[in-house]
2 protein chains.
Amino acid sequence: MSQSGATEPARRGRPGYDRRGLLDASVAVFNESGYDATSVAALATRLGLSKAALYHHFSSKEEILETALGEALDGLEGVLADTRTVVPSERLAAVLQGAVRVLAAHLPSVTLLLRVRGNSDVERRALERRRAFDQEVTGIVRAAQREGAVRADVDASVATRLLFGMVNSLVEWYRPGGAEDADALAGDVLTVALDGLRTR
Amino acid sequence: MSQSGATEPARRGRPGYDRRGLLDASVAVFNESGYDATSVAALATRLGLSKAALYHHFSSKEEILETALGEALDGLEGVLADTRTVVPSERLAAVLQGAVRVLAAHLPSVTLLLRVRGNSDVERRALERRRAFDQEVTGIVRAAQREGAVRADVDASVATRLLFGMVNSLVEWYRPGGAEDADALAGDVLTVALDGLRTR
């Protein structure tokens with residue numbers, strides 16, 4: 001799926017957005033100017049569209065938000081679903097790696113997700129799904145601790161928060177096509193998270 | 001230094017703010033509603049003050065921002081200044097620990113700093129100081145790699161970003177007085193960052 005609309009909306013032909021292009025371009029505007037601060041009128045103006053053209057693809061600004069957040073959350077939940085048969089110690093590594101890949105592949109929608117503060121039902125449902133994701137990961141860390149594969153002297157929920165603090169911070173600086181590709185980055189995250197920076 | 005004004009401005013006597021209390025209360029409002037989105041008039045209303053009372057302590061909204069960002073940056077730069085004679089491997093640990101403590105002690109102003117996007121000269125100067133801080137830490141990681149104390153298979157600037165991604169993410173969930181105190185948290189960050197979660 002092309003992300004190009006998210007980073008260079010101005011280069012797309014106006015008003016030739018399809019639903020995908022409109023979604024990407026809208027998310028880029030939300031990430032730049034803030035979702036709450038962007039009215040439908042302002043969004044349409046920024047995209048060089050009439051409000052009617054925008055409403056042709058989405059019934060409301062909130063539907064755009066919900067679609068983008070759903071994409072990010074579906075990706076993250078997919079990582080959990082795909083690893084349910086893996087033993088906890090290996091599953092933790094697979095989940096971290098998968099989360100970095102989802103973040104890299106859906107950078108704009110994950111960025112939007114991480115800024116959600118719960119100001120509407122759509123946002124609250126997204127936060128609820130994020131919480132469920134975090135809880136399942138905490139359960140994986142706890143199971144890996146019981147297995148003896150993960151150190152038990154860091155609380156599982158603190159460890160999960162620190163790990164995803166590191167993963168989520170990638171939205172601040174990671175840009176697809178840069179010096180570091182997503183797989184190399186996932187490898188670096190796993191190295192720091194699981195083995196630490198100190199040599200032995 | 002009391003942080004109480006930052007979390008419970010409403011309990012303070014109106015209009016009895018001193019400069020410190022006004023700063024803390026203003027930063028709390030900026031963090032909640034956004035600095036750009038908060039006009040001086042809106043800020044004064046939220047604090048139950050007249051604009052004149054606000055201007056008694058600060059010449060502008062920007063002076064409040066500059067003071068708060070300066071406090072956060074002074075704290076972080078102080079950690080570097082205090083550790084300049086320490087060998088790189090130990091200095092990296094000391095800097096991470098110090099950064100967690102500064103974040104815990106100045107949570108509202110560090111939160112504000114991390115949201116700065118460079119929309120004014122004050123913000124651009126703050127970003128410049130953050131960049132200089134990051135560069136000095138990257139230099140410490142690189143020196144520790146040369147010393148052989150830190151693994152060399154993760155690029156020093158990626159490692160620094162991942163470490164501070166973890167540290168900075170604490171603003172999302174750490175609250176003073178909670179279950180985890182700042183020193184325990186700094187210990188957990190050091191454990192994950194330097195030793196990793198995997199048992200050996």
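Chain letters run A, B, ... following the sequence lines, proteins first, then strands; residues in each count from 1.
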If one checks every heavy atom of B:V141 against chain A at 4.5 Å, the contacting part turns out to be neither

| query | Is there a path from B:W173 to B:L96 through hydrophobic residues (I, L, V, M, F, W, Y) whose side chains come within less than 4.5 Å of each other? | reply | yes

Assert top hit (heavy-atom pairs under 4.5 Å, partner chain A, pool B:L92, B:D153, B:T191) equals B:T191

Within residues 72-89 of chain B, contacts to chain A at heavy-atom distances under 4.5 Å involve none

Residues 154-168 of chain B vs chain A, non-hydrogen distance cutoff under 4.5 Å, contacting residues -> B:V154, B:V158, B:A159, B:R161, B:L162, B:L163, B:G165, B:M166

Practice prompt. Check whether any side-chain heavy atom of A:R198 lies under 4.5 Å from a side-chain heavy atom of B:V150, and answer yes or no.
Written response: no

Those residues of residues 115-126 of chain B that come under 4.5 Å of chain A on a heavy-atom basis, listed by number, are B:R115, B:R117

Among residues 33-42 of chain B, those lying within the under-4.5 Å heavy-atom range of chain A are none

Rounding to 0.5 Å, atoms CG (A:L190) and CG (B:L197) come to a distance of 11.0 Å

Honestly, the part of A:Q145 sitting under 4.5 Å from a heavy atom of chain B is neither

Scored by heavy-atom pairs under 4.5 Å with chain B, the best of A:S169, A:A149, A:G148 is A:A149

ask   = Does the side-chain contact (heavy atoms from CB on, under 4.5 Å) test come out yes or no for A:R151 and B:D195, once each step is laid out?
value = CA-CA 10 Å; A:R151 54 194 307 146; B:D195 294 321; 3.5 Å; yes

